[in-house]
Engineer: 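Attaching a single structure in structure tokens format; questions to follow.
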Amino acid sequence: MSVRIICDRVVKKYGEAVIIPDLSLEIKEGEFFTLLGPSGCGKTTLLRMIAGFNSIEGGTIKFNDSVINDLAPGKRNIGMVFQNYAIFPHMNVWKNVAFGLTNRNLPKDDIAKRVDKMLATVRIEQFKDRMPERLSGGQQQRVALARAIVIEPDVLLMDEPLSNLDAKLRVEMRNAIKEIQKTVNITTVYVTHDQEEAMAVSDRIAIMKDGVIQHIGTPKEIYKRPANMFVATFIGHSTILDGALKQTGSGPELSIGDYRVAMGTVPGFDGGETKVKVSVRPEEFYIGDDDAGLKGVITSSVLLGFYTENFIKLENGSFIKFIVDEKTGHREFNAGDRVTLKVYPEKINIFDETGAKSLSAPAGISK
Ligand SMILES: Nc1ncnc2c1ncn2[C@@H]1O[C@H](COP(=O)(O)OP(=O)(O)OP(=O)(O)O)[C@@H](O)[C@H]1O
Ligand SMILES: [Mg+2]
């Protein structure tokens, strides 16, 4: 059985240091939920609280309707996978996976059936008699995953399970993890500081900074309408520009230097005139057919296969990254060329002057 996890006003302190001041979130049954944020922001701390290895200084954590704050880790029915695979070096693959079941005194036939099925699910049947030292990192991580899932936990917790693997294997394993999670359908909390990995595997992501959640949403929501400037720059690349927003007869108008963009609507803007921060992603600029836009000079232009990456120095000295899809049959770009860039109004993200709050996000965005 899989459960819903509810964290309600959770507090974590180590002595006087407050690591998590006041955190609330709800993870749905069967969901693949990722905690993402820079090093030291409290991801592992929160995961260990859900696991029961860390005390809770305030608030409640529930699995479905039961408060588990004081429940011993062994009674929470969780499976865990860590960065260092933590599989037993003196047991072969089959015995490693069987361990959690033999420990529970289940009938031998039953154990054999479940272990064989799990080895097939994570695709390591052919290594079942091997000792861990003769497995690659990715294969060892599959063993660790099988061992965590075979006990049929209510919750699967994973802390940076792929960070010891090389780049290519990381991509292969993250696809495998996502596929296996969907097959077994166990509520999963996954910790990583790799934003691309989080985007690839998650149903929803919570972006954390200094123990505080900045934004919770699907990868697409977070990428397209980040809740604040920190999220905009942490997920993917964003150019941040200074601008001003002004109410005109035909709606809000954004100006960035001399460039004016009619915005249609800006849900969080109350009218008048205000300074703002503007964030634009490299694929959201285009070369227009008139003279209006951000003017600058290309400082470098590099073909990277699917796209060309250009860096442009604007007249005010700031830099923009601008990529062009190679499928579009665009003109040649060379260092030294003068260009005028426009932005699609619906793609622009506008924040208040401090960058703390999005004005572009729809009202009621989950934070
Ligand atoms: N046992 C402890 N005692 C005191 N402080 C701790 C303890 N464990 C963690 N911390 C502090 O809590 C903060 C959050 O640590 P945590 O390990 O949760 O970060 P993280 O987000 O998992 O980072 P990383 O990506 O580097 O693993 C850090 O400032 C850390 O120094
Ligand atoms: Mg950590």
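Indexing begins at 1, ligand by ligand and atom by atom, following the structure's order. Atoms considered below: every heavy atom in the structure, side chains included; atoms not considered: hydrogens, waters and symmetry mates.
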Engineer: Decide if atom NZ of K128 counts as having more than 12 heavy atoms of other residues, nucleotides or ligands within a radius under 6.0 Å.
Structural biologist: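 Count not over threshold, so no.
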Engineer: Should the ring pair H90 and F88 be called parallel, tilted or perpendicular, given that the plane angle runs from 0 to 90° and is split at 30 and 60?
Structural biologist: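 Because their plane-to-plane angle lies in the 30° to 60° range, the rings of H90 and F88 count as tilted.
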Engineer: Can you pull out the closest protein heavy atom to atom 25 (O) of ligand 1? Residue, atom name and distance to 0.1 Å, please.
Structural biologist: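 For atom 25 (O) of ligand 1, the nearest protein heavy atom is K43 NZ, 2.8 Å.
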Engineer: Measure the distance from atom 7 (C) of ligand 1 to every protein heavy atom, then report the residue, atom name and distance (to 0.1 Å) of the closest one.
Structural biologist: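 The closest heavy atom on the protein side is Y14 CE1, 3.2 Å.
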Engineer: Run through the protein N/O/S atoms less than 2.8 Å from the Mg ion (ligand 2) and write them out by chain and number.
Structural biologist: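 Checking every protein N, O and S atom gives T44 OG1.
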Engineer: Does the gap between the ring centers of Y190 and F33 come in under 6.0 Å?
Structural biologist: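 Centroid distance Y190-F33: not below 6.0 Å, so no.
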Engineer: Just checking, any donor-acceptor pair under 3.5 angstrom between side chains of T187 and S2?
Structural biologist: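 On atom types as modelled, these side chains qualify, holding a pair under 3.5 Å.
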Engineer: Under 6.0 Å from the CD atom of E57, do we count more than 12 heavy atoms belonging to anything else shown?
Structural biologist: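 Enclosed.
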Engineer: With sequence neighbours excluded, what pairs up with R9 under the salt bridge (Lys or Arg N to Asp or Glu O under 4.0 Å) test?
Structural biologist: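 R9 satisfies salt bridge (Lys or Arg N to Asp or Glu O under 4.0 Å) with D22 only.
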Engineer: Do F333 and F322 have ring centres separated by under 6.0 Å?
Structural biologist: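 Yes; F322 has its ring centre under 6.0 Å from that of F333.
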Engineer: When you look for heavy atoms under 4.0 Å from ligand 1, do you find them on the side chain of T45, its backbone, both, or neither?
Structural biologist: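 For T45, backbone and side-chain atoms both sit under 4.0 Å from ligand 1.
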Engineer: Measure the distance from atom 26 (O) of ligand 1 to every protein heavy atom, then report the residue, atom name and distance (to 0.1 Å) of the closest one.
Structural biologist: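 Protein heavy atom at minimum distance: S39 OG, 2.5 Å.
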Engineer: Looking at ligand 1, would E160 count as a contact under a 4.0 Å heavy-atom criterion?
Structural biologist: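 The answer is yes: ligand 1 sits under 4.0 Å from a heavy atom of E160.
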Engineer: So is G37 polar-close to ligand 1, meaning N/O to N/O under 3.5 Å?
Structural biologist: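 No, there is no polar N/O contact under 3.5 Å.
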Engineer: Under 4.0 Å and counting heavy atoms only, is there anything from the protein next to atom 31 (O) of ligand 1?
Structural biologist: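 There is no protein heavy atom less than 4.0 Å from atom 31 (O) of ligand 1.
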Engineer: For I19, take its heavy atoms, then give the atoms of ligand 1 lying under 4.0 Å from any of them.
Structural biologist: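 Every atom of ligand 1 under 4.0 Å from some heavy atom of I19: 11 (C), 12 (O), 13 (C), 14 (C).
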Engineer: May I ask you to identify the nearest protein heavy atom to atom 17 (O) of ligand 1, giving residue, atom name and distance to one decimal place in Å?
Structural biologist: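 Minimum-distance protein heavy atom for atom 17 (O) of ligand 1 reads T44 CB, 3.7 Å.
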Engineer: To the nearest 0.5 Å, what is the distance between CD1 (I149) and CZ (R114)?
Structural biologist: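 It is 12.5 Å, given to the nearest 0.5 Å.
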Engineer: I'd like to know if the side chain of D210 reaches the main chain of V212, judged simply by a donor and an acceptor atom lying under 3.5 Å from each other, with no hydrogens or angles considered.
Structural biologist: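 The answer is no, because no donor-acceptor pair under 3.5 Å joins these two groups.
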Engineer: To the nearest 0.1 Å, how far is atom 29 (O) of ligand 1 from its closest protein heavy atom, and which atom is that?
Structural biologist: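 Nearest neighbour among protein heavy atoms for atom 29 (O) of ligand 1, to 0.1 Å: G40 O, 3.9 Å.
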Engineer: For the residue pair L35 and V189, establish whether any side-chain heavy-atom pair is separated by less than 4.5 Å.
Structural biologist: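 With C-beta onward as the side chain, the pair touches.
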Engineer: Mark up the atoms of ligand 1 that fall under 4.0 Å of a heavy atom belonging to H193, in ascending order.
Structural biologist: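 Matching atoms, with element in brackets: 25 (O).
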Engineer: Less than 3.5 Å between some nitrogen or oxygen of G42 and one of ligand 1, yes or no?
Structural biologist: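 Yes; at least one N/O pair falls below 3.5 Å.
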Engineer: CG of N334: more than 12 outside heavy atoms within 6.0 angstrom?
Structural biologist: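 More than 12 within 6.0 Å, yes.
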Engineer: Under a 3.5 Å distance rule, please check whether D352 uses its side chain to pair with a backbone N or O of A356 as donor and acceptor.
Structural biologist: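 Yes, because the side chain of D352 sits within donor-acceptor range (under 3.5 Å) of the backbone of A356.
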